[in-house]
Amino acid sequence: MTRHQAVFFRRLIYIYDLLISTLAFFASLWIRQMLAVFHQQGQLPEFMSRMDLGPIIIADYYPLLWGLWPVWLLALYFGDSSDFRLQYRRVVTRYFKVVGIGLVMFIAATFVFKIGFVARTYVVLLGIVQLSALMLGRVLLIELFSLFRRQAVDGHRVLVVGRGEQAVAFARSLRTGTPWNNKLIGHVEVPNEYGLPEAVPVLGPLRQLDTLLDGQPIDEVVFAVPDQPPETFEEALRHCEERGVDVLLTMPPDVPRAGKIEVAKVTGYDLPMIGMRRTPTSEGRLLVKRLLDLSGAVVGLLLLAPILLVTAIAIKVTAPGPVFFSQVRSGRNGRKFRMHKFRSMVVNAEKLKKELEKFNEMDGPVFKMKHDPRITRVGRFIRKTSIDELPQLFNVIKGDMSLVGPRPALPEEVQAFDDELRERSRVRPGITGLWQVEARSNAAFNAYRRLDLHYVENWNLWLDLRILLATAEQVIVTFALLPLRFFRRRSDQRIDGIAPANEGDRGQVIDLRDRNRARLAAAEESAGLSPQPAADPLESGEPSLN
């Protein structure tokens with residue numbers, strides 16, 4: 001199978017999986033109706049007889065297919081299920097994701113559009129049957145591939161130019177890593193190249209390529225010699241073009257290997273150009289991410305409006321100064337914007353920061369201090385519960401930020417970043433990110449660096465959803481532990497007020513305090529939280545809102 005056929009075949013797999021899902025839809029209806037019959041006849045096991053298995057009207061379910069087809073296509077696309085080169089273990093994982101996304105969207109649609117006739121048992125059955133059918137269909141497809149490969153059919157004939165390490169690796173991939181009948185014809189020697197003994201058979205030197213192409217059918221010539229200058233292959237490429245043979249070229253060694261490579265054609269410019277990007281290139285996925293940001297921000301502001309109002313009043317009453325603070329941050333590709341937060345520090349926090357630089361706990365070009373004396377009482381609470389970040393939902397609506405992404409850095413901090421870390425500015429900064437959910441209590445700058453770069457290079461919508469769910473879980477657990485923290489402070493205050501009659505009583509008082517603190521630490525550890533959640537690693541102070 002050629003690479004062009006592979007692209008076409010991946011699209012066919014979407015249709016194949018969609019047909020299988022449709023069959024699963026009808027099979028689930030039939031099974032559900034049969035269960036209803038058996039339930040009425042009392043022929044089901046005891047544990048199933050307690051389920052709601054009343055009869056359903058099958059005709060009512062047929063129109064649902066019009067909505068399920070686009071839902072399944074989106075789930076198959078985001079689950080990346082069309083890759084036919086995967087092992088069975090990874091196929092199972094991806095189909096679990098596909099079915100899970102489809103069911104969540106299906107259930108959400110039943111609530112939004114108030115579709116009340118859909119039985120819960122049918123939804124469960126649909127998930128089980130669809131997953132089983134997709135897996136069975138993939139097994140049949142892979143076995144069909146194997147059957148084609150075993151056939152003595154003259155398939156796609158490939159000639160490899162080069163006998164070096166890259167040429168041998170490519171030839172090995174043709175023999176072992178392809179699902180179709182690709183046939184390696186042999187290798188062509190290149191002048192001044194060290195040839196490996198594994199590069200066999202050798203059909204001749206590069207200067208005789210035209211004779212080799214005329215002597216037998218060749219479908220594609222692969223130039224797997226990245227260390228040679230381009231002019232070495234000018235004549236050979238002309239021979240391939242004259243005979244209509246497909247060509248595949250390796251990238252030169254001085255071209256960056258990271259990121260996505262694409263061939264671009266610019267309007268008004270005749271020659272093709274090579275495009276390289278490390279950030280997401282799928283406009284469809286980026287559009288979905290933006291829609292997710294907008295809907296999440298709008299819904300979040302509506303639901304959290306009472307909390308926003310109470311927080312604003314508390315800040316205004318307890319600490320002199322403005323309710324919000326605004327700070328210039330560096331956004332996508334260095335764009336400057338004003339990020340908004342609830343003010344959690346004293347008004348002159350920026351001036352006091354210079355005096356606290358020696359207490360910086362972050363080992364990189366950012367300032368972080370766990371017990372920052374500039375934080376107010378209300379500020380400590382809203383930071384611990386992440387309420388101070390809520391005004392950034394307005395930044396998300398405006399388009400300066402996303403719900404998920406690296407935290408926005410200060411412009412002066414960006415100037416201190418090295419070239420690799422500057423890659424984090426290729427995406428929109430976010431309210432939450434990998435660092436916040438996986439290493440928030442880790443003051444090491446390397447952890448912050450590693451997680452931000454991992455997000456930029458491996459971004460996908462599924463990762464965003466996982467980060468959002470993990471963030472929600474941390475916030476909920478933090479609120480659940482607030483009474484326990486309050487009890488510890490009250491207990492410590494009462495204990496501090498005790499006047500021990502002797503040293504023995506003093507030891508009992510200290511032991512009681514330590515036990516209270518140990519209980520809270522154990523509860524926080526079991527919940528996956530640090531006893532003192534760290535602040536934003538890029539937080540360096542809060543000047544008043546201008």
Side-chain angles (χ1 to χ4, degrees), residues 259 277-281 283 286-287 289-290 292-294 296-298 300-301 321-354 357 360 362 364-369 372 374 379 383 386 388-436 445 448-449 451-453 455-457 459 464 467 535-546:
R277 292 180 65 183
R278 297 189 66 175
T279 51
T281 57
E283 297 301 328
L286 291 176
L287 176 61
K289 179 179 174 66
R290 181 60 184 150
L292 178 65
D293 287 340
L294 286 174
V298 171
L301 287 173
V323 172
F324 302 98
F325 89 90
S326 176
Q327 195 173 46
V328 175
R329 294 291 178 106
S330 183
R332 182 172 177 267
N333 290 333
R335 292 175 173 85
K336 305 296 188 297
F337 71 97
R338 283 194 168 271
M339 186 190 74
H340 309 296
K341 297 176 69 173
F342 279 123
R343 184 172 63 86
S344 60
M345 290 185 174
V346 294
V347 175
N348 60 339
E350 187 65 21
K351 295 180 180 179
L352 295 175
K353 177 196 169 187
K354 298 179 180 179
E357 288 285 355
N360 186 15
M362 183 72 83
V366 294
F367 179 82
K368 173 185 160 187
M369 186 176 176
D372 197 326
R374 301 173 296 168
R383 281 186 171 217
S386 300
D388 63 321
E389 310 285 357
L390 294 182
Q392 292 166 39
L393 292 172
F394 291 105
N395 288 112
V396 173
I397 294 176
K398 187 178 178 181
D400 295 327
M401 295 179 62
S402 173
L403 292 178
V404 181
R407 289 296 296 158
L410 294 166
E412 57 268 27
E413 292 169 344
V414 174
Q415 293 178 0
F417 289 165
D418 57 30
D419 292 340
E420 184 181 24
L421 192 55
R422 286 176 185 268
E423 292 291 338
R424 70 193 301 277
S425 66
R426 300 303 182 189
V427 299
R428 281 194 181 97
I431 296 179
T432 185
L434 268 182
W435 186 87
Q436 281 73 20
F445 184 74
Y448 153 74
R449 172 197 189 98
L451 291 171
D452 274 357
L453 291 178
Y455 175 82
V456 173
E457 295 174 5
W459 173 84
D464 275 7
I467 293 174
D536 183 344
L538 301 176
E539 186 59 69
S540 60
E542 298 180 355
S544 59
L545 180 65
N546 296 326

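For reference, positions follow the sequence shown, starting with 1.
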Peer 1: Using side-chain hydrogen bond (donor to acceptor under 3.5 Å, both in side chains) as the criterion, point out the one residue from Arg338, Arg343, Lys341 that pairs with Ser326.
Peer 2: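 Looking at Arg338, Arg343, Lys341, the match for Ser326 under the side-chain hydrogen bond (donor to acceptor under 3.5 Å, both in side chains) is Arg338.
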
Peer 1: With side-chain contact (heavy atoms from CB on, under 4.5 Å) as the test, pick out the partner of Val414 among Ser330, Pro408, Ser425.
Peer 2: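 The side-chain contact (heavy atoms from CB on, under 4.5 Å) with Val414 is passed solely by Ser330 among Ser330, Pro408, Ser425.
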
Peer 1: By salt bridge (charged side-chain N to carboxylate O under 4.0 Å, His left out), which residues pair with Asp464, not counting sequence neighbours?
Peer 2: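 Residues passing salt bridge (charged side-chain N to carboxylate O under 4.0 Å, His left out) with Asp464: Lys289.
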
Peer 1: Taking all heavy atoms of Leu393 and all of Gly300, pick out the closest pair and write down the distance.
Peer 2: CD1-C, 4.1 Å

Peer 1: So, taking the atom named CE in Met339 and the one named CD1 in Ile431, what distance separates them when rounded to the nearest 0.5 Å?
Peer 2: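 With rounding to 0.5 Å, CE (Met339) is 10.0 Å from CD1 (Ile431).
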
Peer 1: Hey, what do you get for CG (Asp293) to CG (Asn395), rounding to the nearest 0.5 Å?
Peer 2: 12.0 Å

Peer 1: Which heavy atom in Leu403 sits nearest to a heavy atom in Leu292, and how many Å separate them?
Peer 2: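 Distance-wise, the nearest heavy atoms are CD1-O, 3.7 Å.
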
Peer 1: Given 3.5 Å as the limit, does a donor-acceptor pair link the side chain of Asp388 with the main chain of Phe342, or not?
Peer 2: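 A pair under 3.5 Å: no.
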
Peer 1: Would Trp459 and Val404 satisfy side chain to side chain contact (heavy atoms under 4.5 Å, CB included), going step by step from the backbone distance to the final call?
Peer 2: CA-CA 10 Å; Trp459 173 84; Val404 181; over 6 Å; no

Peer 1: Minimum heavy-atom separation for Val396 and Ala297, please, with both atom names.
Peer 2: CG1-CB, 3.9 Å

Peer 1: Looking only at heavy atoms, what is the nearest atom pair of Pro406 and Val427, with distance?
Peer 2: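 Answer, listing the atom of Pro406 first, then Val427: CD-CG2, 3.6 Å.
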
Peer 1: Ignoring hydrogens and angles, tell me if any N or O in the side chain of Arg290 forms a donor-acceptor pair with the backbone of Ser402 under 3.5 Å.
Peer 2: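 No; zero donor-acceptor contacts below 3.5 Å.
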
Peer 1: Say whether, by atom type as modelled, one donor and one acceptor occur between the side chain of Arg428 and the main chain of Gly399 under 3.5 angstrom.
Peer 2: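 Indeed, once roles are kept as given, a pair shorter than 3.5 Å links the two residues.
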
Peer 1: Could you walk me through whether Phe417 and Arg424 pass side chain to side chain contact (heavy atoms under 4.5 Å, CB included), step by step?
Peer 2: CA-CA 10 Å; Phe417 289 165; Arg424 70 193 301 277; 3.8 Å; yes

Peer 1: Taking all heavy atoms of Phe324 and all of Pro391, pick out the closest pair and write down the distance.
Peer 2: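 So the minimum-distance heavy-atom pair works out to CE2-CG, 3.8 Å.
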
Peer 1: Which of these passes side-chain contact (heavy atoms from CB on, under 4.5 Å) with Met401: His340, Arg407, Arg329?
Peer 2: Arg407

Peer 1: Would you say Glu413's side chain and Leu410's backbone share a donor-acceptor pair under 3.5 angstrom?
Peer 2: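 Such a contact is found between Glu413 side chain and Leu410 backbone.
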
Peer 1: Strictly distance-based, threshold 3.5 Å: is any side-chain N or O of Asp452 a donor or acceptor partner for the main-chain N or O of Trp435?
Peer 2: no

